[in-house]
Amino acid sequence: MREKITEIILECGIDKEDVYCKDYIVNGILDSLKMLDIISSLEENFGIEIDGDDIIPENFQNLDTIVSLLKNIKQE
Amino acid sequence: MLNTIIDYLIDSYDNYSDKAAIVYNNNSMTYKMLYDATLNIAGWINCHIKVTRQPIIVMMKNSDKAIAAFLGIALSRNIYVPLDIDTPIERLKTIIDILQPAYVINCECDVDLQIPGCPIVSWNTIQAANMNSVGLERLNQIIDTDPLYILFTSGSTGTPKGVVISHRSVIDFTEEASEAMKFDSKEVFLNQAPFYFDASVPDIFCTLRNGATLHIVSGNMFAFPVKLMDYISINKINALFWVPSALVMVANLKALDKRDISCLKKIMFCGEVMPTKQLNMWRKVLPHAIFVNYYGPCEATYACSYYIIEREFLDDEPLPIGKAAQNMSIMLISNGKEIQQIGVKGEIYIRGTGVGIGYYNNFEKTSENFIQNPLQNVYPEIVYKTGDLAHYDKDGNIIYDGRLDYQIKHRGYRIELGEIENCVGAVEQVAQTACIYNKDKDMIVCYYSGDILEDAILNLISNKLPEYMIPQKLIRMKNMPLNNNGKIDRLKLKEVNEV
């Protein structure tokens, strides 16, 4: 899952050197367009629906937080 | 007599001195603080720049300080030019070449722009100089035909053009909008558009004129719209002047029904076509708010017409751009004659005080678009030729039909690409769409984003559009490229097709 998510993030236009950054938010890596991209890609690739309430900075702070968000959604 | 926008600041300072004029990242700047900061800037300029009516570039993020810089420059009888802090160096060089600015003001420190002959000073340096005692020196010299600001249009035509707008045009728009929308001091606006984009003009001046409050948040919040909805709800934001793309983003990122945003009462938008589908999503959660579709180019000071949405619209029905605003006039012209009949398309020409002065240091382009009224030749009268197509509906409302240059001739038919976009955009799963005509191959290419395959769209539109209007090629994009004004970037789309 982690590899797939890394791939998706790269595809959505995040630079290689930024993918493993600890804080996407503070470093201004995600803008609204990239978010739209990432959300629709994740939903499509994992066959899930991400609720608007889950689209918050805490869940998209770095690769780890995105992985655990996806795991949580998958479990539900 | 109201002849400068500085009068708005002085009135609100007199009446609402301790009220928050601007709230930036949760810090309030009162009208008194804004007035003082403005005088400091004007005072510094009065002492350091002997000339007047010269462009001064402001390269600052959207903030309370940036607004004080604009007002200080205006009070010194000079012209403010907001630029994106991330302007690519080549574009910046071109713009500085056009403007030959007296100064560049930036935020924190006096860093060199590496552009020879362009002096730079920081907001902090100016404030520290504390020259407010001479800030009002030039106030009485300002006349309302003096230029107030220059905004550079996005690069859809190649070289940037600097649109020059006078105090009078801004006053005219602000007075009209404030009356029509019944703005008063209780208005709480939330800024969305960057200040280098004219969609931000009402934020600044409708706030100042009415002693209202303007909230400015960092751009990051638009990536997480639930946070934005929280912000709206906590701060009791009641009025928005946003671009349609931002409203669409909030709807598409599923944030609309997540919070109680019933404090929102007035939602105004301008700058591009608002897709009816996402508008309907907004109206559903805010049934008691008024929604207003403004129309107008930057060259006519934000807007020249508007339509207050007063009935239901189907997802594939275009929104009217309404009727000319008070003290403005719109003419639809085709083959040199004014169109009065319903349904006949013509180019939009704009008359009135809101029509700008022209393009800075570019008489050639100015004379192409700011022209003598083609309907009379007995006295001089400059009107603005928009390059936009429109027609009247049965209620006398104007319906926008797209750019004149989107009107194409394909297999002998005259086609509006906007019409195809409307139809594709109405498909439920389509998020955004734009059509481009490839002249060399005589081919209509439709780009879209959304969770639906090309064939499914073809199926859905084939019984809505005549056969000659069906795109030869559909290209599904992850997301549509946007230019720095937040509009769909058609030049980039063209490149996609060529690859």
Side-chain angles (χ1 to χ4, degrees), chain A residues 4-19 21-70 72-74 76, chain B residues 61 84-86 192-194 217-231 242-261 278 281 285 429-432 448-453 476-489 492:
Chain A
K4 185 72 201 161
I5 294 176
T6 312
E7 204 178 290
I8 289 172
I9 293 175
L10 278 170
E11 265 178 26
C12 293
I14 309 291
D15 292 337
K16 250 190 184 137
E17 60 265 33
D18 288 338
V19 173
C21 171
K22 280 284 151 245
D23 202 327
Y24 294 167
I25 312 301
V26 169
N27 293 294
I29 292 168
L30 295 178
D31 60 22
S32 52
L33 278 180
K34 293 201 175 97
M35 277 305 291
L36 265 179
D37 242 351
I38 291 172
I39 300 290
S40 59
S41 268
L42 290 173
E43 291 187 336
E44 197 172 317
N45 278 285
F46 292 99
I48 49 160
E49 175 103 15
I50 301 175
D51 190 89
D53 270 326
D54 286 329
I55 306 174
I56 48 175
E58 292 84 331
N59 287 334
F60 289 85
Q61 200 172 10
N62 55 47
L63 190 57
D64 293 334
T65 61
I66 300 177
V67 171
S68 49
L69 169 70
L70 269 274
N72 286 339
I73 296 175
K74 278 254 170 200
E76 273 163 21
Chain B
K61 275 190 198 164
D84 186 359
I85 53 166
D86 295 321
Q192 173 269 319
V217 294
S218 70
N220 190 281
M221 213 177 261
F222 283 83
F224 302 99
V226 170
K227 296 273 163 197
L228 200 59
M229 300 294 106
D230 277 334
Y231 190 93
W242 283 10
V243 298
S245 291
L247 296 169
V248 168
M249 193 88 71
V250 170
N252 288 358
L253 281 173
K254 301 178 268 191
L256 264 184
D257 53 356
K258 292 296 176 193
R259 296 290 184 274
D260 177 12
I261 50 167
Q278 280 85 1
M281 292 159 79
V285 295
Q429 299 90 337
V430 170
Q432 273 184 309
Y448 72 97
S449 60
D451 192 15
I452 180 168
L453 292 174
R476 186 178 174 196
M477 310 280 292
K478 259 192 149 17
N479 260 306
M480 303 298 276
L482 300 187
N483 63 25
N484 56 7
N485 290 348
K487 298 187 191 181
I488 292 175
D489 190 333
K492 277 222 181 91

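A note on names: the letters A, B, ... follow the listed sequences, proteins ahead of strands, and every chain is numbered from 1. Nothing here was measured: the structure is a model prediction, and the numbers come from that model.
Residues A/Ile56 and B/Phe224 share a closest heavy-atom pair of C-CD2, 3.5 Å. Closest approach of A/Leu30 to B/Ala223, counting heavy atoms only: O-CB, 4.3 Å.
B/Lys254 contributes a side-chain N or O that, together with a main-chain N or O of A/Ile50, makes up a donor-acceptor pair within less than 3.5 Å.
The neighbour count for A/Lys34 NZ, taken as heavy atoms of other residues, nucleotides or ligands under 6.0 Å away, is above 12.
Between B/Asn252 atom CG and A/Ser32 atom OG the span is 11.5 Å, to the nearest 0.5 Å. Note: A/Leu36 CG to B/Asn479 CG = 5.0 Å, rounded to the nearest 0.5 Å.
Counting heavy atoms from C-beta outward, B/Asp451 and A/Glu43 have side chains that stay 4.5 Å or more apart.
Ion pairing of B/Arg259 with A/Asp53 is present here, as a side-chain N (NZ or NE/NH1/NH2) and a carboxylate O approach within less than 4.0 Å. The pair A/Glu44-B/Lys478 does not meet the salt-bridge criterion, since no charged nitrogen lies less than 4.0 angstrom from a carboxylate oxygen.
Heavy atoms closer than 4.5 Å to chain B are found in both the backbone and the side chain of A/Ile55. For a residue to count as touching a neighbouring chain, one of its non-hydrogen atoms must lie under 4.5 Å from one of that chain's; by this rule A/Asp37 touches chain B with backbone and side chain alike.
Among residues two or more places apart in sequence or in another chain, the salt bridge (charged side-chain N to carboxylate O under 4.0 Å, His left out) test is passed with A/Asp23 by none. By the salt bridge (charged side-chain N to carboxylate O under 4.0 Å, His left out) test, A/Lys16 is found to be paired with no residue, residues two or more places apart in sequence or in another chain being considered.
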